[in-house]
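Structure, as structure tokens:
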Amino acid sequence: MSTASGDPTTGTADFSAAPLADASVPEEWENGQDTLRDGSATETGEAEQRPATQRPATGEATVRAESGAALPATPAMPAALPAHRPTRGRYRGSSSGYELDLRVDVDSVPGGPKVLRKVSGDFFSTGGGTKAYFGSFIVDAPTVSRSATRVVIRGIATYTWTTAFTLVRVTVPRSRTNQRPGAATVEFLRPPGQLGATYVCPYVSPYFRTVEWEQDSVTGTVPFLSYDTGALPQPANSPARTLTVPRAYAEAGIELLVSGTANTIANSRNGWTNTELHGAMETNFSLWRNVPQWKLWLLVAGSYEGMEGVRGIMFDAADTFQRQGCAVFYDLIRGTDPEAQRAMLRTYVHELGHSFNLLHSWQKNLATPPAPLGGNNGFADLSWMNYPQNYQPLNGNGGAAAYWGAFPFQFTDNEQIHLRHGFYRNVIMGANAFATGAADIEPELFDEPLTDESGLRLDLRVGKSGFSFGEPVVVELKLETTDLRGRSTHNHLHPDDELVSVAIRQPSGRTVLYRPLLRRCVDQDRTVRLDAGRPAIYSSAYIGYGRDGHYFQQPGTYQLRAAYLASDGSRIVSPVLRLDVRHPVSQDDVRLAELMMGEEQGKILALRGSDSPSLQSGNDALQEIIERHATHPFAVYARLAKGLNFEHEFKSLSPDKSELVVRPPDPKSGIEQLTHVVKASEQGKGVDNLTLNLASRRLARAYARQGDLEEANTTLDRLVQHFDTPAFKPYVVDAVRDQADTTKARLTAEFGG
């Protein structure tokens with residue numbers, strides 16, 4: 001949106017221009033030949049000046065649509081007449097108090113990024129020593145005319161603001177490879193031909209955007225360097241080459257500059273939490289500022305605490321300035337063989353892709369504005385942003401082996417359009433939130449399919465008829481088979497794993513999407529067989545707070561619906577769940593709701609506790625509930641967050657970055673809080689059964705930390721007894737018993753000595 005008055009597309013040009021920046025062309029792009037690959041015929045009166053051997057037999061210019069496939073090289077030009085430079089790259093100029101960053105994408109070069117036939121730009125208002133973003137535009141399908149001396153590009157633009165000057169005309173002089181690139185002249189016109197503002201934009205770079213990338217690592221890790229794509233089988237149309245992370249982005253037209261100070265920081269064998277990662281970014285990211293800027297940070301950490309199978313995470317998805325930091329987890333992706341190096345490259349590129357605001361392949365329709373899904377609900381995408389194990393084409397075999405056999409090590413066309421030409425605030429780190437405020441969604445996205453032969457059914461339910469105003473909303477998800485022969489699928493049933501989406505229709509009539517506060521990449525094949533022996537799997541999720549804040553902020557009736565994306569690409573939609581949030585009836589009810597519904601309290605509940613100094617007032621509010629309203633049902637949730645946090649350590653970095661400061665676990669305080677949670681829940685006055693399972697196992701671990709393995713085992717036995725009743729299916733009891741036995745073995749191994 002505009003940050004200044006006026007309109008940069010109107011007025012009279014003063015033809016002032018920004019200084020010419022780096023006009024070099026990457027060596028691998030210098031050999032482009034003068035091939036007319038797209039656009040319209042050359043302009044009337046300006047014949048193409050080429051040797052007779054290269055002129056079309058008809059005497060007219062040849063025009064070919066860009067297909068994306070590699071084209072054969074044209075005959076070599078005579079030494080006296082070097083090839084033309086491609087008309088593509090970034091240009092910059094200014095006029096009448098505005099600066100224009102222009103991106104021209106109408107020519108391709110052998111070995112360079114694919115041509116996407118777009119022109120786009122960002123406007124900045126300038127005054128004195130300041131510059132502020134004004135707005136962006138894109139021309140989606142321009143016509144291109146070429147002559148011996150110039151290239152003219154025309155088209156109707158889409159803007160982030162309203163203007164009458166919708167026609168854009170860009171004229172670029174043609175230059176040879178032994179000449180400096182010429183400046184682009186950009187004219188904005190009001191149809192049919194009223195001239196508005198004109199900008200003369202000198203050439204800046206062959207890249208469409210430039211980003212500074214800083215990478216730090218913990219002790220004992222070996223950061224990824226490069227991978228030879230020919231080391232393992234790959235598609236025949238994908239040339240063997242050595243790919244680094246910057247080179248992978250260069251192939252998408254993005255310059256990733258390695259910069260900043262590479263720090264090595266202490267590791268923790270117990271893994272990293274999201275709040276610890278955010279603190280590490282603020283301490284170690286030397287380029288970091290809480291402002292939108294083309295800078296991002298990646299930490300090569302040891303492991304992620306709290307969940308197996310997380311290879312990487314874009315953890316900076318909760319504050320005002322998001323998408324500035326991500327991490328990869330070395331303990332899970334390490335390896336020196338080609339297969340491990342290939343997977344490591346994909347993980348780095350994938351997580352950095354989230355920082356550019358790219359969603360997973362199967363989630364793009366949930367963004368605002370929504371992007372089209374690829375085949376099979378996105379699972380058929382051969383993209384850095386898909387999971388290899390999720391790859392499932394409509395026809396043929398899927399899975400990781402099929403993915404790697406067909407993957408050309410590229411982003412999809414739509415992803416490249418976003419990277420190169422997406423509106424400024426949708427792409428730059430620290431601006432629009434991840435998924436760009438995908439709060440308002442179309443309810444039709446969750447409509448029941450016309451046919452359903454998936455053999456699966458999804459249910460969404462709650463354990464009570466209604467919630468008090470301010471009470472954390474926790475839902476249970478159940479996925480079961482309807483096929484007596486059984487079905488195999490993945491068991492990523494929690495919404496935070498991003499293979500399940502939950503839509504919430506609020507009492508106002510607005511439909512929003514629950515977006516997890518944390519977005520983790522559980523890039524691991526976890527296939528489960530659902531059959532007569534185990535017909536269903538379950539998950540419990542707190543959905544009261546996410547990246548858009550609190551979702552249940554007013555009393556009234558809410559309608560919820562969930563969608564699960566199965567391994568074969570089937571979208572399984574649950575029936576509508578209606579739940580009521582009751583009006584507060586007393587002043588105490590209002591006060592308790594205020595204590596529960598602060599922004600910091602929501603984050604703490606979503607994170608299951610935190611020591612972060614930035615959340616201190618939230619912790620104080622939860623402590624007030626425990627101390628002054630100990631018998632109120634809300635106290636159970638405050639105790640749960642506190643107890644889970646006390647039970648494990650909390651890591652932060654010293655002010656001088658020289659050491660990792662670890663607040664050790666406080667098992668005594670953890671036991672005090674979690675005991676209340678478990679006892680109240682066993683009596684049906686606390687948390688749901690799945691959360692009770694978690695709290696009981698963490699309580700057992702707190703006892704084991706204190707050296708009391710006997711009480712730890714007693715706690716786990718009591719957990720099994722709670723479920724071992726006719727109220728629960730035998731396979732559920734068996735699953736709880738297996739979890740309890742596994743926990744006993746782990747605690748004995750860790751604390752038994």
Side-chain angles (χ1 to χ4, degrees), residues 268-273 303-310 331-332 474 476 491-494 496-497 520 522 524 526 528 533-534 536-542 607-609 636 639-650 664-682 686-725 727-753:
S268 169
R269 66 183 181 89
N270 293 326
W272 291 79
T273 65
S303 62
Y304 181 67
E305 182 182 56
M307 187 165 188
E308 298 179 356
V310 179
D331 291 354
L332 193 61
V474 178
E476 180 182 289
N491 68 348
H492 297 298
L493 196 54
H494 197 288
D496 286 5
D497 295 343
R520 59 200 183 201
V522 190
Q524 188 179 53
R526 283 171 38 182
V528 61
R534 187 190 189 187
I537 56 174
Y538 300 83
S539 184
S540 174
Y542 166 58
L607 294 169
R608 294 177 178 172
V636 171
R639 291 184 185 279
L640 177 67
K642 292 277 189 178
L644 294 176
N645 189 51
F646 284 135
E647 193 277 321
H648 69 74
E649 66 187 24
F650 189 87
D666 182 356
K668 181 179 179 181
S669 297
I671 290 170
E672 178 185 359
Q673 302 298 342
L674 292 176
T675 298
H676 284 280
V677 175
V678 170
K679 286 184 177 179
S681 302
E682 288 174 341
V687 297
D688 63 282
N689 283 313
L690 292 171
T691 306
L692 168 62
N693 186 346
L694 167 68
S696 296
R697 287 184 284 121
R698 293 288 290 272
L699 175 59
R701 193 164 111 178
Y703 278 119
R705 285 190 190 278
Q706 277 200 156
D708 194 345
L709 272 174
E710 181 178 353
E711 187 60 35
N713 289 337
T714 298
T715 299
L716 294 170
D717 290 340
R718 192 166 62 246
L719 171 65
V720 175
Q721 291 170 6
H722 174 77
F723 282 89
D724 193 7
T725 69
F728 297 96
K729 301 290 186 182
Y731 68 87
V732 174
V733 179
D734 290 342
V736 173
R737 183 177 288 109
D738 288 344
Q739 283 185 317
D741 290 343
T742 300
T743 303
K744 285 181 181 179
R746 288 178 177 172
L747 296 180
T748 300
E750 187 173 356
F751 303 107

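We count residues from 1, following the sequence as given.
Between the side chain of Ser681 and the main chain of Val687, a donor-acceptor pair closer than 3.5 Å is present. With hydrogens and angles disregarded, a donor-acceptor distance shorter than 3.5 Å links the side chain of Arg698 to the backbone of Leu644.
Residues passing the side-chain contact (heavy atoms from CB on, under 4.5 Å) test with Glu649 are Ser268, Asn270, Lys651, Val662, Pro665, sequence neighbours excluded. With sequence neighbours excluded, the residues that form a ring-ring contact (aromatic ring centres under 6.0 Å, His included) with Phe723 are Phe728. Under the ring-ring contact (aromatic ring centres under 6.0 Å, His included) criterion, Tyr731 pairs with no residue, sequence neighbours left out.
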Going through the distances and angles, do Leu694 and Arg608 end up as a side chain to side chain contact (heavy atoms under 4.5 Å, CB included)? CA-CA 11 Å; Leu694 167 68; Arg608 294 177 178 172; 3.6 Å; yes
Derivation and outcome, side chain to side chain contact (heavy atoms under 4.5 Å, CB included), residues His722 and Asn689: CA-CA 9 Å; His722 174 77; Asn689 283 313; 3.0 Å; yes
Evaluate Val636 against His676 for side chain to side chain contact (heavy atoms under 4.5 Å, CB included), listing each step before the verdict. CA-CA 7 Å; Val636 171; His676 284 280; over 6 Å; no
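Using a 4.0 Å cut-off between a side-chain N of Lys or Arg and a carboxylate O of Asp or Glu, Arg705 and Glu647 qualify as a salt bridge. A salt bridge links Asp717 with Lys744: the closest approach of a Lys/Arg side-chain nitrogen to an acidic carboxylate oxygen falls below 4.0 angstrom. By the 4.0 Å N-to-carboxylate-O rule, Arg534 lies too far from Asp734 to be salt-bridged with it.
Rounded to the nearest 0.5 angstrom, Ser539 OG and Leu690 CG are separated by 7.0 Å. The line from CG of Asp708 to CD1 of Ile671 is 7.5 Å long, rounded to the nearest 0.5 Å.
The shortest distance between side-chain heavy atoms of Arg718 and Glu682 falls below 4.5 Å. No side-chain heavy atom of Thr714 sits under 4.5 Å from any side-chain heavy atom of Tyr703. Looking at Arg737 and Asp724, their side chains come closer than 4.5 Å, going by heavy atoms from C-beta outward. With contacts defined as side-chain heavy-atom distances shorter than 4.5 Å, the pair Leu607/Thr273 does not qualify.
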